[in-house]
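Every chain is numbered from 1 and lettered A, B, ... according to where its sequence line falls, protein lines coming before strand lines.
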Amino acid sequence: MNRKKNNQSEYFQMVYRLVRMIPPGRVTSYGAIARFLGDPRGARVVGWAMNDAHYQSEYVPAHRVVNRVGMLTGKHHFGSSEAMKELLESEGIYVLNDCIQDFKSRFWDPLKELDQDAFF
DNA sequence: CGGGTGACTCGAC
DNA sequence: CGTCGAGCCACCC
């Protein structure tokens, strides 16, 4: 069977498009992205999308996506384990022990900040 | 086609 | 409080 890589699927593209809309200096979570896309349990799939984000031709700021408590669980998927942290700190987000400091006020919830109708 | 996996999350205990 | 286990869904072998 011809099961080609489906990382160009519409769902993945929506994930990438949304991630690109995250303002610099702000972060969001996999679950928040999934919920915004109408898939409350799709957090792991968003993680999958991030896994392929590296191969997208257009830049995807995957470092602005962390898990729901603000931990850099995906840092090992960057070039070096410090790359993600440094990208964040270059935007003014401070990271201590893989945790985003002041995560609550840095959190960017697409459901609140973005118009769903405009996105789709 | 079935089984394994993960950059997640939520609810029990 | 914290730790643990079970869903969850797309992708890969």
Trainee: Is it the case that over 12 heavy atoms from other parts of the model lie below 6.0 angstrom from the CG atom of Asn97(A)?
Mentor: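 Incorrect, the count does not exceed 12.
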Trainee: Within this structure, what is the OH-to-P distance between Tyr30(A) and dA10(C), rounded to whole angstrom?
Mentor: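 The answer, rounded to whole Å, is 18 Å.
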Trainee: In whole Å, what is the span from the CE atom of Met50(A) to the C1' atom of dA10(C)?
Mentor: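 One finds 14 Å between C1' of dA10(C) and CE of Met50(A), rounded.
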Trainee: Using heavy atoms to find the nearest nucleotide of DNA chain B for Arg35(A) and Met84(A) separately, return the residue whose nucleotide is more 5′.
Mentor: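 The residue closer to the strand's 5' end, by nearest nucleotide, is Met84(A).
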Trainee: For Asp39(A) and dC8(B), give me the distance from atom CG to atom C1', rounded to whole Å.
Mentor: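 My rounded result for the distance is 12 Å.
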Trainee: So is Arg17(A) actually on top of Phe119(A)'s ring, under 6.0 Å and inside 45° of the axis?
Mentor: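 Ring-cation test returns yes.
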Trainee: Tell me what Ala53(A) touches on the nucleic acid: a base, only sugar-phosphate, or nothing, going by heavy atoms under 4.0 Å.
Mentor: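 Counting heavy atoms under 4.0 Å across all strands, no contact is made by Ala53(A).
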Trainee: Rounded to the nearest 0.5 Å, how far does OG of Ser81(A) lie from CD of Glu86(A)?
Mentor: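 Between Glu86(A) CD and Ser81(A) OG, I get 9.5 Å after rounding to 0.5 Å.
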Trainee: Does dC8(B) have OP1 or OP2 sitting under 4.0 Å from an N or O in the side chain of Thr73(A)?
Mentor: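 Yes, because at least one side-chain N or O of Thr73(A) sits under 4.0 Å from OP1 or OP2 of dC8(B).
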Trainee: Could you state the atom-to-atom distance from CZ of Arg44(A) to C1' of dC8(B) in whole Å?
Mentor: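 Interatomic distance, CZ of Arg44(A) to C1' of dC8(B): 6 Å.
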Trainee: Under 4.0 Å: is that the gap between some side-chain N or O of Ser29(A) and OP1 or OP2 of dC8(B)?
Mentor: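 Answer is no, no contact under 4.0 Å.
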Trainee: Whole angstrom is fine here: how far is it from CZ in Phe12(A) over to P in dG6(B)?
Mentor: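 In whole Å, dG6(B) P lies 16 Å from Phe12(A) CZ.
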Trainee: Is the shortest distance from a Lys or Arg side-chain nitrogen in Arg26(A) or Glu91(A) to a carboxylate oxygen in the other one below 4.0 Å?
Mentor: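 Salt bridge absent between Arg26(A) and Glu91(A).
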Trainee: Choose from dC11(C), dC8(B), dC8(C) the nucleotide whose nearest atom is closest to any side-chain atom of Arg41(A).
Mentor: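 Of the candidates, dC8(C) comes closest.
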Trainee: Contact class for Gly42(A) vs. all strands (heavy atom < 4.0 Å): base, sugar-phosphate, or nothing?
Mentor: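 Since no nucleic acid heavy atom lies under 4.0 Å of Gly42(A), the category is nothing.
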Trainee: Counting any heavy atom closer than 4.0 Å, what does Asn51(A) reach on the DNA or RNA strands: base, sugar-phosphate only, or nothing?
Mentor: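 Result for Asn51(A) = base.
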Trainee: Calculate, to the nearest 0.5 Å, the distance between atoms NE2 and CD1 belonging to His63(A) and Ile22(A) respectively.
Mentor: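 Going from the NE2 atom of His63(A) to the CD1 atom of Ile22(A) covers 8.5 Å.
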Trainee: Taking CH2 from Trp48(A) and P from dC13(C), how many angstroms apart are they, rounded to a whole number?
Mentor: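 Result: 9 Å.
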Trainee: Tell me: CZ of Arg68(A) to C1' of dG6(B), nearest whole Å?
Mentor: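 Result: 17 Å.
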Trainee: What is the separation between atom NE2 on His76(A) and atom P on dC8(B), rounded to the nearest whole Å?
Mentor: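 The answer, rounded to whole Å, is 12 Å.
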